[in-house]
Amino acid sequence: MEANYLDNLVGVFGSPVAENPTVVMMEAGFRELGLNWKYLTIEVKKEDLEDAIRGLKAFNMRGINLTIPHKIEVLKYLDEVADDARLMGAVNTVRREGSKLIGENTDGKGFLRSLREDGGTTPAEKNIVLLGAGGAARAIGVELALAGAQHLRIVNRTPARGNELAELINGKTDASAEYIAWDVPFVLPGDTDILVNATSIGLFPDIKAKPGIDYSSIRPGMIVCDVIPNPPRTVFLKEAENRGAKTLDGLGMLVYQGTIGFKMWTGVDAPVSEMKAALKQAFGL
Ligand code: NDP
């Protein structure tokens, strides 16, 4: 008999969600491994999240991704939340264990994996400049701090958000952090090991935009990372490459955050290169 899909449903809740590319990556992974799983892209309005979570339980789904506007609100409806996700105050992946729903955040973990595997380095004892203090920056900042970063300088346009992230890291992790006002162009301190653009500057279609930093303060040997997945080679990364830095694009982070969720749900290592190829194709790259 044909196996049915009901035990193996996952997906994403968001609004608007139609353009979300994760389905392409997950389905490519399921296909590659011959797994009888299905990933559904589901439009769920802000006010309907509680009902949607009930539906997830009723349908016996194995888990769900959350995107705008649900990443914070969903914490109310979960049975457990992983320590790092609780620190960030945001969940992007829910997995079901028996009748329990457990919240995780794989965004920062995806970034860390890219840093380790593609960048060949770890954050341990590094001085890091993080541009931005929004959702992506919070996830990255917390994971870098938990992974042993020495000092984080949070540079953000809006002081309140920057200060809040620095206080969170100082208060809840062993790393130290400070907020620095973003006076354009921002000159990188000489001891910077890793620079991360975690703002949305440079995202398609605004592909000529680049963060307001003094690019001559990028030194050879620095690791420079961008969260922007599309286009992967941003002007920011090209400028950094021209100055001899090693660069990491946001496509790596996007693929790894998905592959980490894939493993949490299925228990099987995700086929990274096939999933990355599917995503590139979806972006027309
Ligand atoms: P948020 O809206 O939460 O945060 C946006 C950040 O960018 C804020 O720090 C904001 O500063 C800053 N920013 C935006 N425009 C400007 C500007 N013109 N000048 C200075 N600062 C600016 O968004 P997210 O954190 O959720 O997403 C940020 C980016 O990360 C997006 O491009 C998204 O695509 C990408 N992303 C990539 C992922 C991946 O896997 N590769 C995963 C998640 C996100 P302020 O606080 O002053 O408004």
Side-chain angles (χ1 to χ4, degrees), residues 12 14-17 19-22 24-26 65-73 85 88-93 104-115 117-119 129-144 152-166 168 179-186 196-213 224-237 247-262 270 272 275-276 279-280 282-283 285:
V12 57
S15 183
V17 79
E19 303 290 318
N20 192 291
T22 308
V24 174
M25 173 168 59
M26 292 293 180
N65 285 139
L66 286 312
T67 186
I68 291 170
H70 304 308
K71 286 186 183 184
I72 297 169
E73 182 76 7
M88 292 163 207
V91 160
N92 76 340
T93 304
E104 303 270 0
N105 197 311
T106 64
D107 280 338
K109 290 190 178 78
F111 175 83
L112 271 192
R113 187 160 167 194
S114 178
L115 192 63
E117 295 189 13
D118 305 331
V129 171
L130 183 58
L131 305 175
R138 281 176 79 90
I140 290 171
V142 165
E143 295 294 355
L144 285 170
L152 282 120
R153 295 180 174 105
I154 318 285
V155 181
N156 195 51
R157 178 179 59 181
T158 306
R161 279 175 115 184
N163 270 314
E164 194 189 316
L165 178 53
L168 171 73
Y179 166 69
I180 303 182
W182 196 334
D183 294 324
V184 176
F186 178 75
V196 185
N197 174 37
T199 72
S200 43
I201 302 169
L203 184 66
F204 181 86
D206 201 8
I207 61 173
K208 288 194 177 139
K210 60 179 180 182
I213 64 166
V224 177
C225 318
D226 207 335
V227 295
I228 302 294
N230 185 21
R233 278 195 88 234
T234 53
V235 177
F236 173 72
L237 292 184
T247 59
L248 287 181
D249 67 41
L251 202 58
M253 172 181 170
L254 184 63
V255 171
Y256 287 130
Q257 65 79 28
T259 60
I260 291 166
F262 186 104
V272 176
M275 289 171 74
K276 190 168 189 172
L279 204 55
K280 277 186 157 175
F283 283 141
L285 301 169

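The residues of the chain are indexed from 1 along the displayed sequence. Indexing begins at 1, ligand by ligand and atom by atom, following the structure's order.
- Here L254 contributes atom CG and F111 contributes atom CZ; the two are 13.5 Å apart, rounded to the nearest 0.5 Å.
- Considering backbone and side-chain atoms alike, W182 places every N or O at 3.5 Å or more from each N or O of ligand 1.
- Under 3.5 Å, the side chains of N156 and T158 contain no donor-acceptor pair of N or O atoms.
- Not a single heavy atom of G110 sits under 4.0 Å from any atom of ligand 1.
- Among all protein heavy atoms, the one lying closest to atom 16 (C) of ligand 1 is R157 NH1, 3.4 Å.
- Here's the thing with G135: one of its N/O atoms is less than 3.5 angstrom from an N/O atom of ligand 1.
- Of the possible donor and acceptor atoms, none in the side chain of E73 sits under 3.5 Å from a partner among the backbone N and O of H70.
- Counted within 6.0 Å of CG on L285, heavy atoms from surrounding residues, nucleotides or ligands total more than 12; the atom is thus considered enclosed.
- Contacts between L203 and ligand 1, counted as non-hydrogen atom pairs separated by less than 4.0 Å, involve the side chain only.
- Shortest non-hydrogen contact noted between M275 and M25 is CG-O, 3.3 Å.
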Starting from the C-alpha separation in whole Å, work towards a yes-or-no answer on side chain to side chain donor-acceptor pair (under 3.5 Å) for N65 and N92.
CA-CA 5 Å; N65 285 139; N92 76 340; 5.3 Å; no
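- One option in T199, V255, I201 has a heavy atom closer to atom 20 (C) of ligand 1 than any other, and that option is I201.
- When only non-hydrogen protein atoms are considered, atom 5 (C) of ligand 1 lies nearest to S200 OG, 4.1 Å.
- Rounding to the nearest 0.5 Å places CZ of F186 at 7.5 Å from CG of L131.
- Considering only non-hydrogen protein atoms, atom 45 (P) of ligand 1 sits nearest to T158 OG1, 3.4 Å.
- The protein non-hydrogen atom at the shortest distance from atom 38 (C) of ligand 1 is M253 CE, 3.8 Å.
- Between A137 and ligand 1, not a single N/O pair is under 3.5 Å apart.
- Between G134, G202, G250, it is G134 that holds the heavy atom closest to atom 4 (O) of ligand 1.
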Would V224 and L237 count as a side chain to side chain contact (heavy atoms under 4.5 Å, CB included) if you check the C-alpha gap in whole Å, the side-chain angles of each, and the deciding distance to 0.1 Å?
CA-CA 7 Å; V224 177; L237 292 184; 4.2 Å; yes
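- Those atoms of ligand 1 that come under 4.0 Å of a heavy atom in I228, given as number and element, are 32 (O).
- The atoms of ligand 1 that sit less than 4.0 Å from any heavy atom of R161 are 3 (O), 8 (C), 45 (P), 46 (O), 48 (O).
- Within the listing of ligand 1, atoms 9 (O) sit less than 4.0 angstrom from a heavy atom of G132.
- Closest to atom 37 (C) of ligand 1 by heavy atom, among D249, V227, I140, is V227.
- When all heavy atoms are compared, the tightest approach of V155 to V129 is CG2-CG1, 4.0 Å.
- Protein heavy atoms all stay at least 4.0 Å away from atom 33 (C) of ligand 1.
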Steps toward side chain to side chain contact (heavy atoms under 4.5 Å, CB included) verdict (L112, L144):
CA-CA 7 Å; L112 271 192; L144 285 170; 3.9 Å; yes
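- Considering D226, N197, D249 as possible partners of T234, the one that fulfils the side chain to side chain donor-acceptor pair (under 3.5 Å) test is D226.
- Across the listed options N156, L251, I68, I154, N156 owns the non-hydrogen atom lying nearest to atom 9 (O) of ligand 1.
- In A136, the parts holding a heavy atom less than 4.0 Å from any atom of ligand 1 are both the side chain and the backbone.
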